[in-house]
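Below is one structure; the comments refer to it alone.
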Amino acid sequence: MISELDGQRMPAHVAIVMDGNGRWGQQRGLKRTEGHAAGEEALFDTVDGALDIGLRWLTVFAFSTENWRRPLDEVRFLMNFNERLLLERRDDLNERGVRVRFIGRRSGRVPGRVRRRIEETEALTAANRRLTLTFAFNYGGRAEIVDALRAVARDAADGRIDPGKIDERMIARHLYAPDMPDPDLLVRTSGEHRISNFLLWELAFAELVFTDVLWPDFRTRHLVEAIAEFQRRDRRYGGI
Ligand code: IPE
Ligand code: IPE
Ligand code: MG
(Lines give C-alpha, C1' and ligand atoms only; values in the text may rest on other atoms or scores of the structure.)
(Ligands and ions follow the chains in the order given, each with its own letter.)
Protein backbone atom coordinates (compact mmCIF):
# COMPACT_ATOMS: atom_id res chain seq x y z
CA MET A 1 0.00 0.00 0.00
CA ILE A 2 1.17 3.48 -0.82
CA SER A 3 0.54 4.60 2.76
CA GLU A 4 3.16 2.12 3.98
CA LEU A 5 5.92 3.92 2.10
CA ASP A 6 8.20 6.31 3.97
CA GLY A 7 7.37 9.77 2.64
CA GLN A 8 10.79 11.02 3.74
CA ARG A 9 12.68 8.52 1.59
CA MET A 10 10.94 8.65 -1.73
CA PRO A 11 12.94 8.17 -4.92
CA ALA A 12 12.82 11.30 -7.07
CA HIS A 13 13.23 9.28 -10.26
CA VAL A 14 12.24 5.70 -11.05
CA ALA A 15 13.31 4.09 -14.32
CA ILE A 16 11.71 0.90 -15.62
CA VAL A 17 12.78 -1.67 -18.20
CA MET A 18 9.37 -2.87 -19.33
CA ASP A 19 10.34 -6.42 -20.28
CA GLY A 20 8.56 -9.73 -20.87
CA ASN A 21 5.78 -8.74 -23.25
CA GLY A 22 6.65 -11.37 -25.83
CA ARG A 23 6.80 -14.17 -23.25
CA TRP A 24 3.49 -13.01 -21.75
CA GLY A 25 1.86 -13.45 -25.15
CA GLN A 26 3.55 -16.78 -25.87
CA GLN A 27 2.53 -18.19 -22.48
CA ARG A 28 -1.07 -17.55 -23.44
CA GLY A 29 -0.81 -18.98 -26.93
CA LEU A 30 -1.01 -15.45 -28.32
CA LYS A 31 1.30 -13.52 -30.56
CA ARG A 32 4.22 -11.61 -29.08
CA THR A 33 2.62 -8.40 -30.28
CA GLU A 34 -0.45 -9.10 -28.15
CA GLY A 35 1.90 -8.98 -25.20
CA HIS A 36 3.01 -5.51 -26.26
CA ALA A 37 -0.63 -4.46 -26.55
CA ALA A 38 -1.33 -5.78 -23.05
CA GLY A 39 1.61 -3.73 -21.76
CA GLU A 40 -0.39 -0.56 -22.32
CA GLU A 41 -2.61 -1.18 -19.31
CA ALA A 42 0.47 -1.93 -17.19
CA LEU A 43 2.05 1.35 -18.25
CA PHE A 44 -0.95 3.51 -17.50
CA ASP A 45 -1.69 1.78 -14.21
CA THR A 46 1.94 2.46 -13.28
CA VAL A 47 1.61 6.12 -14.32
CA ASP A 48 -1.55 6.39 -12.17
CA GLY A 49 0.41 4.89 -9.29
CA ALA A 50 3.31 7.25 -9.83
CA LEU A 51 0.91 10.21 -9.69
CA ASP A 52 -0.70 8.87 -6.50
CA ILE A 53 2.71 8.31 -4.91
CA GLY A 54 3.78 11.82 -5.89
CA LEU A 55 6.75 10.68 -7.95
CA ARG A 56 8.26 13.49 -10.02
CA TRP A 57 10.19 11.54 -12.66
CA LEU A 58 9.31 8.23 -14.32
CA THR A 59 11.32 6.91 -17.26
CA VAL A 60 10.34 3.83 -19.25
CA PHE A 61 12.32 1.88 -21.83
CA ALA A 62 9.97 1.55 -24.79
CA PHE A 63 12.26 0.74 -27.74
CA SER A 64 16.01 0.23 -27.76
CA THR A 65 18.54 0.90 -30.51
CA GLU A 66 18.97 -2.90 -30.55
CA ASN A 67 15.26 -3.64 -31.00
CA TRP A 68 15.55 -2.91 -34.75
CA ARG A 69 17.02 -6.42 -34.94
CA ARG A 70 13.56 -7.89 -34.38
CA PRO A 71 11.38 -9.19 -37.22
CA LEU A 72 10.06 -6.38 -39.39
CA ASP A 73 6.41 -7.01 -38.51
CA GLU A 74 7.14 -6.73 -34.77
CA VAL A 75 9.13 -3.51 -35.31
CA ARG A 76 6.32 -2.13 -37.43
CA PHE A 77 3.77 -3.09 -34.77
CA LEU A 78 5.78 -1.30 -32.08
CA MET A 79 6.09 1.88 -34.15
CA ASN A 80 2.33 1.97 -34.83
CA PHE A 81 1.53 1.00 -31.26
CA ASN A 82 3.59 3.81 -29.77
CA GLU A 83 2.13 6.31 -32.21
CA ARG A 84 -1.45 5.27 -31.37
CA LEU A 85 -0.70 5.28 -27.65
CA LEU A 86 0.45 8.90 -27.85
CA LEU A 87 -2.59 9.97 -29.86
CA GLU A 88 -5.03 8.28 -27.50
CA ARG A 89 -3.43 9.14 -24.19
CA ARG A 90 -1.85 12.53 -24.55
CA ASP A 91 -4.89 14.65 -23.70
CA ASP A 92 -5.56 12.64 -20.56
CA LEU A 93 -1.90 12.82 -19.53
CA ASN A 94 -1.88 16.54 -20.21
CA GLU A 95 -4.99 17.10 -18.08
CA ARG A 96 -3.35 15.28 -15.22
CA GLY A 97 -0.25 17.45 -15.27
CA VAL A 98 2.11 14.95 -16.89
CA ARG A 99 4.95 16.28 -19.02
CA VAL A 100 5.76 13.70 -21.69
CA ARG A 101 9.26 13.64 -23.10
CA PHE A 102 11.37 11.38 -25.27
CA ILE A 103 15.03 10.47 -25.11
CA GLY A 104 16.78 8.63 -27.91
CA ARG A 105 17.75 9.19 -31.50
CA ARG A 106 14.93 10.89 -33.37
CA SER A 107 16.35 10.50 -36.81
CA GLY A 108 17.45 7.34 -38.53
CA ARG A 109 14.80 4.69 -38.78
CA VAL A 110 11.99 6.23 -36.71
CA PRO A 111 9.14 6.92 -39.20
CA GLY A 112 8.39 10.60 -39.76
CA ARG A 113 4.80 10.33 -38.55
CA VAL A 114 5.95 8.82 -35.23
CA ARG A 115 8.46 11.63 -34.88
CA ARG A 116 5.70 14.18 -35.46
CA ARG A 117 3.49 12.60 -32.74
CA ILE A 118 6.46 12.74 -30.40
CA GLU A 119 7.06 16.42 -31.11
CA GLU A 120 3.37 17.29 -30.80
CA THR A 121 3.03 15.46 -27.50
CA GLU A 122 6.12 17.08 -26.06
CA ALA A 123 4.86 20.52 -27.11
CA LEU A 124 1.36 19.88 -25.74
CA THR A 125 2.61 18.81 -22.30
CA ALA A 126 5.75 20.96 -22.03
CA ALA A 127 4.42 23.25 -19.29
CA ASN A 128 3.37 20.42 -16.96
CA ARG A 129 5.42 19.75 -13.86
CA ARG A 130 3.54 17.25 -11.70
CA LEU A 131 5.24 14.20 -13.24
CA THR A 132 7.74 13.96 -16.09
CA LEU A 133 7.11 10.74 -18.00
CA THR A 134 10.08 10.07 -20.26
CA PHE A 135 9.94 7.45 -22.98
CA ALA A 136 13.30 6.03 -23.96
CA PHE A 137 12.56 5.36 -27.62
CA ASN A 138 15.14 4.39 -30.21
CA TYR A 139 17.33 4.83 -27.16
CA GLY A 140 20.70 3.28 -26.38
CA GLY A 141 22.93 4.23 -23.46
CA ARG A 142 26.06 3.96 -25.59
CA ALA A 143 24.47 5.96 -28.41
CA GLU A 144 23.60 8.66 -25.88
CA ILE A 145 27.20 8.87 -24.67
CA VAL A 146 28.44 8.94 -28.29
CA ASP A 147 26.01 11.77 -29.08
CA ALA A 148 27.11 13.69 -25.98
CA LEU A 149 30.78 13.27 -26.90
CA ARG A 150 30.10 14.49 -30.43
CA ALA A 151 28.48 17.63 -29.03
CA VAL A 152 31.37 18.20 -26.63
CA ALA A 153 33.91 17.62 -29.42
CA ARG A 154 32.13 20.17 -31.63
CA ASP A 155 32.35 22.74 -28.86
CA ALA A 156 36.03 21.93 -28.37
CA ALA A 157 36.75 22.24 -32.12
CA ASP A 158 35.02 25.65 -32.14
CA GLY A 159 37.22 26.73 -29.27
CA ARG A 160 34.23 27.14 -26.95
CA ILE A 161 35.62 24.67 -24.43
CA ASP A 162 39.09 23.69 -23.37
CA PRO A 163 39.54 19.89 -23.72
CA GLY A 164 41.45 19.93 -20.44
CA LYS A 165 38.31 21.16 -18.71
CA ILE A 166 36.02 18.36 -19.87
CA ASP A 167 34.59 16.80 -16.76
CA GLU A 168 31.61 14.68 -15.68
CA ARG A 169 29.32 17.66 -15.32
CA MET A 170 30.08 18.83 -18.84
CA ILE A 171 29.32 15.40 -20.31
CA ALA A 172 26.11 15.19 -18.25
CA ARG A 173 25.04 18.57 -19.64
CA HIS A 174 25.20 17.12 -23.17
CA LEU A 175 23.02 14.07 -22.52
CA TYR A 176 19.53 13.91 -24.08
CA ALA A 177 17.77 15.33 -21.00
CA PRO A 178 20.33 17.39 -19.07
CA ASP A 179 17.78 18.54 -16.49
CA MET A 180 16.68 15.00 -15.62
CA PRO A 181 18.00 13.81 -12.25
CA ASP A 182 19.75 10.43 -12.27
CA PRO A 183 17.37 7.55 -11.45
CA ASP A 184 17.40 6.52 -7.80
CA LEU A 185 15.73 3.23 -8.59
CA LEU A 186 15.82 0.96 -11.63
CA VAL A 187 13.14 -1.71 -11.93
CA ARG A 188 13.35 -4.50 -14.50
CA THR A 189 10.52 -6.95 -14.97
CA SER A 190 10.43 -10.50 -16.36
CA GLY A 191 13.26 -12.03 -14.34
CA GLU A 192 16.07 -10.71 -16.55
CA HIS A 193 19.01 -9.33 -14.57
CA ARG A 194 20.68 -7.00 -17.04
CA ILE A 195 20.80 -3.36 -18.10
CA SER A 196 20.48 -3.94 -21.88
CA ASN A 197 22.06 -0.58 -22.73
CA PHE A 198 19.56 1.50 -20.71
CA LEU A 199 20.72 4.82 -19.16
CA LEU A 200 24.34 3.68 -18.81
CA TRP A 201 25.64 7.02 -17.61
CA GLU A 202 22.67 7.94 -15.43
CA LEU A 203 22.36 4.62 -13.57
CA ALA A 204 25.80 4.91 -11.94
CA PHE A 205 24.39 4.99 -8.39
CA ALA A 206 20.87 3.63 -8.87
CA GLU A 207 19.46 0.86 -6.71
CA LEU A 208 18.49 -2.10 -8.89
CA VAL A 209 15.30 -4.04 -8.20
CA PHE A 210 14.33 -7.07 -10.27
CA THR A 211 10.97 -8.79 -10.34
CA ASP A 212 9.80 -11.93 -12.13
CA VAL A 213 6.48 -10.29 -13.00
CA LEU A 214 6.11 -9.96 -16.78
CA TRP A 215 5.51 -6.37 -17.85
CA PRO A 216 1.83 -6.78 -18.92
CA ASP A 217 1.05 -8.00 -15.36
CA PHE A 218 2.84 -5.10 -13.66
CA ARG A 219 0.60 -2.78 -11.64
CA THR A 220 0.87 0.05 -9.12
CA ARG A 221 1.29 -2.46 -6.30
CA HIS A 222 4.48 -3.78 -7.92
CA LEU A 223 5.83 -0.24 -8.20
CA VAL A 224 5.03 0.26 -4.52
CA GLU A 225 6.81 -3.01 -3.64
CA ALA A 226 9.87 -1.93 -5.61
CA ILE A 227 9.95 1.44 -3.81
CA ALA A 228 9.55 -0.34 -0.45
CA GLU A 229 12.57 -2.51 -1.34
CA PHE A 230 14.46 0.66 -2.35
CA GLN A 231 13.67 2.16 1.06
CA ARG A 232 15.24 -0.84 2.81
CA ARG A 233 18.53 -0.29 0.97
CA ASP A 234 21.46 1.67 2.35
CA ARG A 235 22.91 3.95 -0.33
CA ARG A 236 26.54 4.82 0.31
CA TYR A 237 27.88 6.29 -2.96
CA GLY A 238 31.32 4.91 -2.13
CA GLY A 239 31.36 6.36 1.38
CA ILE A 240 30.83 4.46 4.60
C1 IPE B 1 9.74 -5.71 -23.83
O2 IPE B 1 9.22 -6.99 -24.00
C3 IPE B 1 9.21 -4.73 -24.85
C4 IPE B 1 10.17 -4.32 -25.87
C5 IPE B 1 11.41 -4.68 -25.94
C6 IPE B 1 9.67 -3.42 -26.89
P7 IPE B 1 9.92 -8.03 -24.97
O8 IPE B 1 9.34 -7.87 -26.32
O9 IPE B 1 11.39 -7.91 -24.88
O10 IPE B 1 9.43 -9.39 -24.33
P11 IPE B 1 10.32 -10.70 -24.13
O12 IPE B 1 11.50 -10.30 -23.31
O13 IPE B 1 10.72 -11.16 -25.49
O14 IPE B 1 9.42 -11.63 -23.42
C1 IPE C 1 15.18 -3.93 -23.30
O2 IPE C 1 14.54 -5.16 -23.39
C3 IPE C 1 14.49 -2.93 -24.18
C4 IPE C 1 13.12 -2.57 -23.80
C5 IPE C 1 12.46 -2.99 -22.77
C6 IPE C 1 12.48 -1.63 -24.68
P7 IPE C 1 15.02 -6.30 -24.42
O8 IPE C 1 14.11 -7.45 -24.22
O9 IPE C 1 15.12 -5.73 -25.78
O10 IPE C 1 16.50 -6.62 -23.90
P11 IPE C 1 17.34 -7.97 -24.02
O12 IPE C 1 17.22 -8.43 -25.43
O13 IPE C 1 16.73 -8.93 -23.06
O14 IPE C 1 18.72 -7.57 -23.62
MG1 MG D 1 12.77 -8.73 -23.65
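As the structure lists them, so they are numbered: ligands from 1, and atoms in each ligand from 1. These numbers come from the heavy atoms of this one structure, side chains and all, not from hydrogens, waters or symmetry mates.
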Ala136, portion touching ligand 2 at heavy-atom distance under 4.0 Å
neither
Considering only N, O or S atoms of Asp19, the one closest to the Mg ion (ligand 3)
OD1
Taking distance alone, with N or O pairs closer than 3.5 Å, would you say Trp24 contacts ligand 1?
no
Do Asp184 and His13 meet the criterion of a side-chain donor-acceptor pair at a distance under 3.5 Å?
no
Ligand 2 versus Phe198: contacting region, heavy-atom distance under 4.0 Å:
neither
The closest protein heavy-atom partner of atom 13 (O) of ligand 1 is Arg32 NH1, 3.0 Å
Is there a donor in the side chain of Asn80 and an acceptor in the side chain of Arg113, or the other way round, less than 3.5 Å apart?
yes
Of Met18, Arg70, Glu192, the one whose closest heavy atom lies nearest atom 8 (O) of ligand 1 is Arg70
Can you find a protein heavy atom under 4.0 Å from atom 2 (O) of ligand 2?
yes
Do Asn94 and Thr125 have side-chain atoms, one donor and one acceptor, less than 3.5 Å apart?
no
Identify the protein heavy atom lying closest to atom 11 (P) of ligand 2, giving its residue, its atom name and the separation to 0.1 Å.
Ser196 OG, 3.5 Å
I'd like to know if the side chain of Asp182 pairs up with that of Trp201 as donor and acceptor (distance under 3.5 Å, no hydrogens or angles considered).
no
Is there a donor in the side chain of Thr121 and an acceptor in the side chain of Arg90, or the other way round, less than 3.5 Å apart?
yes
Confirm or rule out an N/O/S atom of Glu192, from backbone or side chain, lying less than 2.8 Å from the Mg ion (ligand 3).
no
Are the side chain of Arg23 and the backbone N or O of Leu214 linked by a donor-acceptor pair below 3.5 Å?
no
Should Asn67 be counted as touching ligand 1, given the test is an N or O pair under 3.5 Å?
no
For the rings on Phe210 and His193, is their centre-to-centre separation under 6.0 Å?
yes
Short version for Arg23: what comes under 4.0 Å of ligand 2, heavy atoms counted, is neither
Do Thr59 and Arg101 meet the criterion of a side-chain donor-acceptor pair at a distance under 3.5 Å?
no
Quick one: does Gly22 get an N or O within less than 3.5 Å of an N or O on ligand 1?
yes
Is the backbone N or O of Phe137 less than 3.5 Å from a side-chain atom of Arg105, with the two atoms forming a donor-acceptor pair by type?
no
State if Gly20 counts as touching ligand 1 under the rule of any non-hydrogen atom under 4.0 Å.
yes
Does an N or O anywhere in Arg194 fall below 3.5 Å from an N or O of ligand 2?
yes
Shortest protein contact, atom 6 (C) of ligand 1 (heavy atom only)
Ala62 O, 3.4 Å
Just say parallel, tilted or perpendicular for the rings of Phe102 and Phe135, cut-offs at 30° and 60°.
parallel
